[in-house]
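Numbers here are sequence positions counted from 1.
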Amino acid sequence: TRWASVVVDGTMEEITDLEAIEKVVRANVEKQGLDPDEYTPKRMDYYKKALGKPNALKIFRIKTTDMQGKTAKSQIG
C-alpha cells in the first residue's frame, strides 16, 4: 500500500463575507445530498447570528504561501 501527505504553509483567515459563506454552505449541503434550497437558508441564519461572536462556529480559508506533498510505500515491520 501507499500513503500520501500534504504540508501547507500559510495564514488562516476568517471568512466574514456572507456571499462567500453561502457558497461554502451550499456546497456542503449539496455534498451531503440535501436539498440546498431547503437547508441553505437555515444554515445561513445560523452563520448570520454567529458573526462577531468569539466562540461561534466560523469558516476559515488558508492563504497558502507554500504547499508540498509526498507519496511513499508503506513500510511494515
Side-chain angles (χ1 to χ4, degrees):
T1 61
R2 297 179 69 76
W3 61 268
S5 65
V6 176
V7 176
V8 178
D9 289 321
T11 306
M12 287 183 61
E13 300 176 335
E14 181 181 347
I15 305 300
T16 57
D17 174 51
L18 289 174
E19 287 183 26
I21 291 172
E22 185 169 352
K23 288 179 185 178
V24 172
V25 169
R26 182 171 281 276
N28 285 332
V29 166
E30 290 174 356
K31 186 176 181 178
Q32 294 174 16
L34 302 171
D35 179 8
D37 293 329
E38 181 180 347
Y39 286 94
T40 302
K42 294 175 187 177
R43 297 301 299 162
M44 287 307 297
D45 285 343
Y46 177 82
Y47 280 104
K48 287 174 187 175
K49 292 175 186 173
L51 285 177
K53 294 182 180 177
N55 295 329
L57 180 64
K58 301 190 183 308
I59 295 178
F60 290 86
R61 75 172 145 226
I62 299 173
K63 188 170 185 179
T64 305
T65 56
D66 185 48
M67 186 179 336
Q68 299 181 21
K70 183 177 183 178
T71 302
K73 292 182 180 179
S74 293
Q75 297 181 9
I76 300 175

Query - same_hphob_cluster(Ile62, Val6) at 4.5 Å side-chain heavy-atom cutoff - result: yes
Across all chains, not counting sequence neighbours, the side chain to side chain contact (heavy atoms under 4.5 Å, CB included) partners of Ser5 are Trp3, Lys70
Taken to the nearest 0.5 Å, the spacing of Thr40 OG1 from Asp35 CG works out to 8.0 Å
When you group the ILVMFWY residues by side-chain heavy-atom contacts below 4.5 Å and let the links chain together, are Tyr47 and Leu34 in the same group?
yes
When every non-hydrogen atom of Pro36 is compared with those of Val29, the smallest separation belongs to CA-CG1, 3.6 Å
- prompt: Is there side-chain contact between Met44 and Val25, with at least one heavy-atom pair below 4.5 Å?
  reply: yes
Next on the checklist: With no hydrogens and no angle check, just 3.5 Å: does a side-chain donor-acceptor pair link Gln68 and Asp66?
Outcome noted: yes
Could you walk me through whether Asp37 and Arg26 pass side chain to side chain contact (heavy atoms under 4.5 Å, CB included), step by step?
CA-CA 9 Å; Asp37 293 329; Arg26 182 171 281 276; 3.7 Å; yes
dist Leu18:CG -> Lys23:NZ (nearest 0.5 Å) comes out at 12.5 Å
Taken to the nearest 0.5 Å, the spacing of Thr16 OG1 from Ile59 CD1 works out to 11.0 Å
So the salt bridge (Lys or Arg N to Asp or Glu O under 4.0 Å) pairs with at least one residue in residues 45-58 (sequence neighbours excluded) are Glu14-Lys58
I'd like to know if the side chain of Thr11 reaches the main chain of Lys63, judged simply by a donor and an acceptor atom lying under 3.5 Å from each other, with no hydrogens or angles considered. no
Rounded to the nearest 0.5 Å, the CD atom of Gln32 sits from the OH atom of Tyr39 at a distance of 9.5 Å
Closest non-hydrogen contact found for Leu57 with Ala50 is O-CB, 4.1 Å
Determine, using the 4.5 Å side-chain heavy-atom cutoff (strictly less than), whether Phe60 and Ile21 are members of one ILVMFWY cluster.
-> no
